[in-house]
Amino acid sequence: MKRKVIIDTDTGVDDALAIMLLAADPEVDILAVLSVFGNCTGERAADNARYVLDTCGRSDVPVYRGSDVPIKQELRLNPGIHGEDGFGNTGLRPEVSVATEPNGVDVVLDLVRQYPGDIDYLAIGPQTNLARALEIEPELLQKLRSTTIVGTLGPALYRDTEPWADRRFRVSRDPNVTFDIDAAEAVAAHEGDVTWCGPYVTRQALVPENFFLEIAESTGHAPAELITKISADYAGFYSRSYPQPGDERVMGINDSMAVAALLRPDLITASVQRPLQMFQDPATGDRYLAGVHPIKDETRPLHRVVVDMNFDGVLEMIGETLRRPLPWR
C-alpha cells in the first residue's frame, strides 16, 4: 500500500527539492499540497508548488491555498534568502494560479477524516496550518500516522537558557518556528507521533552547488534544471554566510532532511525524545522552541528531536531522484 502524504510548504528553493523527492517516489501518494507564508507569500508558495509539480509531470497532485498570515504576530517573510518570489527572483509561474478555495486547512481535516491513522503530514514551513487545524480538531496529531516538521533549535543543553547561541544559528536561526511561534507552541503542546528536524541538524550539511549543476548538465532532466535555475541566489546566500575552502559555492537542503527522515528513518542516526519549551532572545525579542530535558513527573508531550543523520545517504537519495527520467508516476 502506498504511503499517503500531505505536504505543507512555504515553497522556496529547498522546499522545491523536498517536493520532488516525494513526487518521484512510486510508493508515495501525495494527497494534497497546501501553502503557507514564510519563504515568500502564501499565494506565491502555492503557485511555486504548482510549478514544481507541473515540471515533474505531476499535475495530478492537487495544491491548495493555506494560511497567508500568522495566528497573532505580524507577517514576516524570507526574501533575502529565497528571493521575493521564493524562486530566486526568476519570476517562474504556473500557467494557472492556485485558486483561493477550497481552503487547505479544511481539505486537511476532510482527508484525515477519510483516512484516519493513515496520513503522514510533512510541514516544511511555519506551522500555522497545523495549528489552525488543531483548533478545530484537537486530536489531529493522534489521528495522523505521523507528523514531521522542519523546525526547533534541537536539543538544548542541560539547564541551557540561550539555545539560540549555537554557532549553527549565527546567520539564520529557526524561521519556520519564529515566523509563527504561537502556532509552533500549539503543535508542541499536543500528543502525537511528531518528529522535529530543525536547523540543529540541517545546517550540518551544506551541499556543493556543483552537485546539482552536474546532474542537470549530464541528464538534461527538467526537475534538476529547475533546481539549478532557482538556486543561484540561494547558493550565493549560503556561500557568503558559510564561507568554504577555495570559495566553493554551497547551498542548504534543509527540507530534504525532513523528507529523508520520513521516508528513510534508517538515515536518522541520532534523536532524542523531549518536551519542547519556548525561549526568548532578549536582544531581538525572537522566540524559539528547543527540546529540553524532561523534569520529574513530566506532563508535557514528548516529541522526537532529530540531532544527526546519515548525510551521505540523504545525498544519494537526492541524486538518485534527480537522475531519474520522467515520467514520475
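Quick caveat: nothing in here was measured; it's all calculated off a predicted structure.
Taken from CG in L31 to CZ in R3, the straight-line distance is 12.5 Å, to the nearest 0.5 Å. Rounded to the nearest 0.5 Å, atoms CD1 (I227) and CD1 (I215) are 10.0 Å apart. Note that the CG atom of L289 and the CG atom of D174 stand 7.5 Å from one another [nearest 0.5 Å]. Note that CD of E162 and CD of Q280 are 12.5 Å apart. Values are rounded to the nearest 0.5 Å.
No path of Ile, Leu, Val, Met, Phe, Trp and Tyr side chains, each step under 4.5 Å between heavy atoms, connects F179 with I81, placing them in separate hydrophobic clusters. In terms of hydrophobic clustering, with Ile, Leu, Val, Met, Phe, Trp and Tyr side chains grouped at heavy-atom distances under 4.5 Å, I124 and F37 are assigned to different clusters. One hydrophobic cluster, built from ILVMFWY side chains closer than 4.5 Å, cannot hold both L34 and V36; they sit in different ones. A continuous path of ILVMFWY side-chain contacts below 4.5 Å connects W164 to M278, so both sit in one hydrophobic cluster. Taken together through direct or relayed side-chain contacts under 4.5 Å among Ile, Leu, Val, Met, Phe, Trp and Tyr, L226 and L326 form part of one hydrophobic cluster.
Residues I19 and T11 have side chains in contact (heavy-atom distance under 4.5 Å, counting atoms from C-beta outward). Between L276 and T152, some side-chain heavy-atom pair lies under the 4.5 Å cut-off. Looking at heavy atoms from C-beta onward, F211 lies in side-chain contact with I318 at the 4.5 angstrom threshold. Side-chain contact between M317 and V259: present, with at least one pair of heavy atoms (C-beta onward) separated by less than 4.5 Å.
Between the side chains of D8 and Y121, at least one donor N or O sits under 3.5 Å from an acceptor N or O. Using modelled atom types and a 3.5 Å distance limit, the side chains of T178 and D286 yield no donor-acceptor pair. Inspection of the T269 and N310 side chains reveals no N or O donor paired with an N or O acceptor under 3.5 Å.
Ion pairing of R93 with D85 is absent here, as no side-chain N (NZ or NE/NH1/NH2) approaches a carboxylate O to less than 4.0 Å. Look at E320 and R324 and you find a salt bridge, because one of the NZ, NE, NH1 or NH2 atoms lies within 4.0 Å of a carboxylate O, short of that distance. A salt bridge does not link R264 with E316: none of the charged nitrogens is closer than 4.0 Å to a carboxylate oxygen. Between D180 and R287, none of the side-chain N atoms (NZ, or NE/NH1/NH2) sits under 4.0 Å from a carboxylate O, so this pair counts as no salt bridge. For the pair R50 and D47, the salt-bridge criterion is not met [side-chain N within less than 4.0 Å of a carboxylate O].
Annotation: side-chain hydrogen bond (donor to acceptor under 3.5 Å, both in side chains) contacts involving residues 22-31, sequence neighbours excluded, are absent. Counting only residues at least two apart or on different chains, the side-chain hydrogen bond (donor to acceptor under 3.5 Å, both in side chains) pairs with a member in residues 138-147 are D120-R145, D120-S146, E137-K143.
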Review point. What do the steps show when you test R300 against E191 for salt bridge (Lys or Arg N to Asp or Glu O under 4.0 Å), and what is the final call?
Key: CA-CA 9 Å; R300 294 171 292 183; E191 298 280 354; over 6 Å; no
Exercise for review: Carefully, step by step, assess I149 and Q127 under the rule side chain to side chain contact (heavy atoms under 4.5 Å, CB included).
Suggested key: CA-CA 8 Å; I149 302 171; Q127 291 86 63; 3.6 Å; yes
Exercise for review: Go through the steps for C197 and M309 under the test side chain to side chain contact (heavy atoms under 4.5 Å, CB included), then give the verdict.
Suggested key: CA-CA 10 Å; C197 187; M309 295 189 71; 4.2 Å; yes
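The side chain to side chain contact (heavy atoms under 4.5 Å, CB included) test with I253 singles out one residue from L17, D14, L206, and that residue is L17.
Using modelled atom types, one side-chain atom of R274 and one backbone atom of G291 make a donor-acceptor pair closer than 3.5 Å. Using modelled atom types, no side-chain atom of E185 and backbone atom of D182 make a donor-acceptor pair closer than 3.5 Å. Judged by distance alone, with hydrogens and angles left aside, the side-chain atoms of T41 form a donor-acceptor pair with the main-chain N or O of R44 at under 3.5 Å. In terms of modelled atom types and a separation under 3.5 Å, the side chain of S271 and the main chain of V306 share no donor-acceptor contact.
Classified by interplanar angle (parallel below 30°, tilted 30° to 60°, perpendicular above 60°), the ring pair Y238/Y242 is parallel.
Listed by chain and number, the residues in a side chain to side chain donor-acceptor pair (under 3.5 Å) with E217 amount to none (sequence neighbours excluded).
Pairing each heavy atom of E135 with each of I71, the nearest pair is OE2-CD1, 4.3 Å. Minimum interatomic distance between V52 and M20 (heavy atoms only, all atoms of both residues): CG1-CG, 4.0 Å.
In this structure, H82 has its ring center at least 6.0 angstrom away from the ring center of F87.
Within a 6.0 Å sphere centred on CG of D247, other residues, nucleotides and ligands contribute 12 heavy atoms or fewer.
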